[in-house]
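Presented below is the structure to which this report refers.
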Amino acid sequence: MRTKGIIIAIDGPAGVGKSSIGEMLALKLNYKFISTGKMYRALAWKADDIGLDLSDEIEIMALANRIKWEYKKDENPVIKIIVDGIVIGSQITCEKVGKATSAIAKLREVRKFMCAAQRELGADGGIILEGRDIGSNVFPDAEIKVYLDASPDERARRRVKQLKEQNLEADYEQIFSLILKRDKQDAERKYNPLKKDNSYYYVDSTKINKEEVVNEIFRVCEKHIKAQI
Ligand code: C5P
């Protein structure tokens with residue numbers, strides 16, 4: 001029984017803006033928001049830090065079970081992920097952790113572990129979860145499933161702009177090829193790959209800005225939430 005509202009799943013490829021769209025939407029709806037990619041990234045960060053073999057499912061799972069995972073819900077819509085007392089933030093955004101994340105996200109037991117935690121977090125509803133397999137695997141019964149897309153070229157351009165704004169080096173060609181590589185890995189993975197079907201509300205954000213995307217999804221949610229009252 002979802003006592004706090006509906007579940008909104010936002011899935012889509014890397015760099016499409018799922019987190020910023022999800023956070024903006026959560027503010028408008030007064031819902032909670034979680035980036036499930038951050039959960040995989042947090043585990044990869046810890047594993048990489050202690051030098052584990054990222055393909056060793058037993059070792060990675062021993063680490064996942066050893067870590068103290070906390071999910072803090074406060075007045076902010078974004079649910080904070082805390083591992084062993086450390087709030088997960090910018091330490092997990094670098095490319096090294098991104099690469100390690102793709103490796104551990106392939107492992108079946110890791111996916112089961114994350115999926116169970118995500119189901120628990122979302123059980124009461126009133127939450128937006130973004131990732132790759134939320135609507136297809138974690139909450140196949142989510143009331144609203146959004147597949148957020150944008151062309152690889154546009155996603156690479158946005159990433160370059162973002163890095164330049166932070167005065168960081170950004171090479172378009174390199175970023176473009178990393179995006180294609182990540183798309184391929186996420187779509188071709190054996191367990192819970194990224195895939196869209198017609199249960200999703202498809203939004204192509206290539207030519208529209210964030211506010212327009214949020215407003216479009218908000219209208220769909222509003223209709224659904226009103227129909228439930
Ligand atoms: O969204 P983000 O780029 O932070 O996700 C990092 C990686 O975590 C993805 O490339 C994907 O391999 C993995 N992931 C996943 N399932 C999710 C969320 C993220 O496999 N639900």
Side-chain angles (χ1 to χ4, degrees), residues 7-23 25-26 32-48 54-55 57 60-61 63-64 69 71 78-81 83 87-122 127-140 142 145-150 152 154-156 158-159 162-163 175-197 200 205:
I7 290 180
I8 302 167
I10 305 181
D11 288 316
V16 74
K18 299 183 296 293
S19 273
S20 36
I21 301 288
E23 283 185 40
L25 192 63
K32 291 291 168 205
F33 168 80
I34 188 156
S35 155
T36 62
K38 267 192 174 179
M39 298 166 69
Y40 287 92
R41 281 179 183 265
L43 178 59
W45 169 65
K46 285 288 254 186
D48 195 44
L54 301 171
S55 63
E57 191 161 25
I60 302 286
M61 279 312 296
L63 173 68
W69 296 87
Y71 299 97
V78 180
I79 298 176
K80 286 195 181 71
I81 303 169
V83 299
V87 180
I88 293 303
S90 59
Q91 69 273 58
I92 55 153
T93 55
C94 64
E95 201 41 51
K96 187 165 179 265
V97 174
K99 237 174 125 187
T101 307
S102 289
I104 63 135
K106 279 192 222 152
L107 306 172
R108 182 145 111 150
E109 292 304 315
V110 168
R111 302 210 65 84
K112 280 204 221 159
F113 179 93
M114 295 298 177
C115 181
Q118 291 154 17
R119 285 190 181 137
E120 205 174 308
L121 274 166
I127 189 169
I128 301 166
L129 301 101
E130 71 88 355
R132 304 292 189 287
D133 64 337
I134 306 302
S136 60
N137 172 52
V138 181
F139 284 110
K145 301 182 193 179
V146 176
Y147 190 99
L148 188 59
D149 212 352
E154 177 60 20
R155 285 183 277 141
R158 287 180 195 167
R159 181 79 182 132
Q162 201 181 44
L163 289 170
I175 290 170
F176 182 72
S177 79
L178 279 173
I179 281 182
L180 291 185
K181 205 168 149 202
R182 183 89 71 84
D183 283 359
K184 192 167 150 56
Q185 276 171 340
D186 286 340
E188 292 180 358
R189 173 170 72 212
K190 187 168 172 197
Y191 305 111
N192 320 134
L194 171 68
K195 58 173 187 228
K196 55 173 180 280
D197 59 36
Y200 281 96
S205 72

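Counting convention: from 1, in listed order, for ligands and their atoms alike.
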Inset, instruction - Using a strict 4.0 Å threshold on nitrogen-to-oxygen distance, state whether Glu95 and Lys99 make a salt bridge. - result: no

Inset, instruction - Check whether any side-chain N or O of Glu57 sits under 3.5 Å from a backbone N or O of Glu109 as a donor-acceptor pair, and report yes or no. - result: yes

Legend entry - atom 1 (O) of ligand 1 - nearest protein heavy atom and its distance: Arg132 NH1, 3.0 Å

Inset, instruction - List the closest protein heavy-atom neighbour of atom 18 (C) of ligand 1: residue, atom name, distance to the nearest 0.1 Å. - result: Thr36 OG1, 3.4 Å

Legend entry - Side-chain donor-acceptor pair present, Arg182, Gln185, cut-off under 3.5 Å: no

Legend entry - Test side chain to side chain contact (heavy atoms under 4.5 Å, CB included) applied to Ile128 and Ile21, Val78, Ile10, Ile79, the passing residue: Ile10

Inset, instruction - Report, in ascending order of atom number, the atoms of ligand 1 lying under 4.0 Å from any heavy atom of Thr101. - result: 6 (C), 7 (C), 8 (O)

Legend entry - Donor-acceptor contact below 3.5 Å, side chain Arg111 vs main chain Lys106: no

Legend entry - Shortest protein contact, atom 19 (C) of ligand 1 (heavy atom only): Gly37 CA, 3.5 Å

Legend entry - ligand 1 contacted by Arg189 (non-hydrogen, < 4.0 Å): yes

Legend entry - Heavy-atom nearest neighbour of atom 21 (N) of ligand 1 within options Val16, Val110, Leu129, Asp133: Asp133

Legend entry - Shortest protein contact, atom 4 (O) of ligand 1 (heavy atom only): Arg41 NE, 2.7 Å

Inset, instruction - Mind checking whether Arg182 contacts ligand 1 via backbone (N, CA, C, O), side chain (CB onward), both or neither, at a 4.0 Å heavy-atom cut-off? - result: side chain

Inset, instruction - Within a distance under 4.0 Å of any heavy atom of Ala105, pick out the atoms of ligand 1 and give their elements. - result: 12 (O), 13 (C), 20 (O)

Legend entry - Any Leu43 side-chain heavy atom under 4.5 Å of Trp69 side chain: yes

Legend entry - For Gly131, atoms of ligand 1 separated by under 4.0 Å from a heavy atom: 18 (C), 21 (N)

Inset, instruction - Can you establish whether the number of heavy atoms outside Glu120 located under 6.0 Å from its atom CD is more than 12? - result: no

Legend entry - Taking atom 16 (N) of ligand 1 as the reference point, the nearest protein heavy atom with its distance: Arg111 NH2, 3.0 Å

Legend entry - Any side-chain heavy-atom pair of Thr36 and Met114 under 4.5 Å: no

Legend entry - Proximal atoms of ligand 1 relative to Asp186 (non-hydrogen, under 4.0 Å): 9 (C), 10 (O), 11 (C), 12 (O)

